[in-house]
Amino acid sequence: MHTIPTGKISDFQTKLLTWFYLHGRQFPWRETQLNPYQAIIAEVLLQRTKAETVAKMYLDFLYQYPDWQSILSTPIEQLEESFKPIGLYRQRASGLKRLAAAMASHQFELPSEQAALAALPLFGQYILNAITLVVLQKPAPLLDVNMARLLERYFGERKLADIRYDPYLQELAHIVVASPNSLELNWAMLDFAALICKAGKPRCELCMLQADCVFFQKIY
DNA sequence: CTCCCGCAGG
DNA sequence: CCTGCTGGAG
């Protein structure tokens with residue numbers, strides 16, 4: 001990747017954190033320290049689904065399915081019914097079933113090795129980073145389409161179409177969240193991308209980053 | 001790269 | 001009507 005000035009990154013971090021403490025969103029999965037099961041459920045529910053939509057059923061889902069055993073003992077058809085209101089119900093149900101089975105063979109403990117973690121069902125690029133950040137409490141980027149859009153608008157466009165295989169975006173995201181405030185920085189980027197740096201109609205007039213934003217400089 | 005899914009918002 | 005949403009698997 002081409003070099004990104006250190007000053008531009010620290011300015012980006014500082015402004016986003018300040019914005020987050022004023023305008024960040026509140027969600028039930030952000031309020032308490034989640035155990036691995038709860039964190040995985042949150043990520044499964046959030047895949048390709050608006051956080052506001054998930055917020056309406058997250059606690060109800062955890063109440064009905066409090067642990068891996070409850071997933072194992074529930075017929076797949078019933079699990080699908082629980083997922084139907086938010087879509088992608090067959091993938092979520094089968095994925096969670098397969099992960100629950102894998103967890104059972106690991107005595108319901110998350111593998112400590114990164115490679116073993118990545119080999120688990122459902123553990124793609126995003127969920128692996130999410131668990132590293134939320135459960136293991138180590139810096140890692142929640143690099144979804146929203147964070148990718150924010151990063152490439154501000155720092156410059158990526159080369160590859162798929163964010164999951166773009167080394168420039170991956171490295172940039174890791175650098176930005178390499179901070180003691182990694183969790184808050186991640187949430188700040190997700191919230192800012194969802195509310196201000198939106199996909200369709202970005203609210204550039206409300207943005208405190210426009211002076212150094214590649215996207216803003218290009219269109220204005 | 002494509003499909004999966006329903007809902008919210010425009 | 002159409003677009004986009006804290007992706008993963010085939």
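Residue numbering restarts at 1 for every chain, and letters A, B, ... go by the order of the sequence lines. These numbers come from the heavy atoms of this one structure, side chains and all, not from hydrogens, waters or symmetry mates.
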- Below 6.0 angstrom between ring centroids: does that apply to A:Phe27 and A:Tyr58?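 Between A:Phe27 and A:Tyr58, the centre distance exceeds or equals 6.0 Å.
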Describe the nucleic acid contact of [X] in one word from base, sugar-phosphate, nothing, applying a heavy-atom distance below 4.0 Å.
X        : value
A:Leu122 : sugar-phosphate
A:Glu43  : base
A:Leu143 : nothing
A:Val145 : sugar-phosphate

- Query: Does NZ or CZ of A:Lys8 lie under 6.0 Å from the centre of the six-membered ring of A:Tyr154, at an angle within 45° of the ring axis?
  - Reply: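 Yes.
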- A:Glu109, CD: over 12 other non-hydrogen atoms inside 6.0 angstrom: no
- Query: Can you tell me if the side-chain N/O atoms of A:Gln91 get under 4.0 Å from OP1 or OP2 in B:dC5?
  - Reply: yes
Rounded distance in Å - [atom1] ([X]) to [atom2] ([N]):
X        : N     : atom1 : atom2 : value
A:Arg92  : B:dG6 : CZ    : P     : 11 Å
A:Lys50  : B:dC7 : NZ    : P     : 12 Å
A:Lys56  : C:dC5 : NZ    : C1'   : 13 Å
A:Leu96  : B:dC4 : CG    : P     : 21 Å
A:Asp144 : C:dG8 : CG    : P     : 10 Å
A:Glu52  : C:dG4 : CD    : P     : 17 Å
A:Leu195 : C:dC5 : CG    : P     : 12 Å
A:Lys201 : B:dA8 : NZ    : P     : 21 Å

- Could you point out which residue of A:Ile41, A:Ile40, A:Leu34 forms a side chain to side chain contact (heavy atoms under 4.5 Å, CB included) with A:Gln38? A:Leu34
- Message: I'd like to know if the side chain of A:Arg92 and the backbone of A:Glu80 have a donor-acceptor N/O pair within less than 3.5 Å.
- Response: no
- Task: For A:Gln210 and A:Cys204, indicate whether the former's side chain and the latter's backbone hold a donor-acceptor pair under 3.5 Å.
- Result: yes
- Query: Is a side-chain donor-acceptor pair under 3.5 Å present for A:Gln125 with A:Asn129?
  - Reply: yes
- Against the side chain of A:Arg98, the closest entry in B:dG9, C:dG7, C:dA9 is C:dA9
- 5' precedence on DNA chain B between A:Arg48 and A:Lys198 (nearest-nucleotide basis): A:Arg48
- Near DNA chain C, under 4.0 Å by heavy atom, which residues of residues 63-90 of chain A?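 Contacts with DNA chain C under 4.0 Å: none.
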- Item | Upstream residue (5' side of DNA chain C) when A:Gly200 and A:Leu120 are each assigned their closest nucleotide |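 It is A:Gly200, whose closest nucleotide lies nearer the 5' terminus.
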- For atom P, what is the distance between B:dC5 and C:dG10, given to the nearest Å?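 Result for the P pair: 13 Å, nearest Å.
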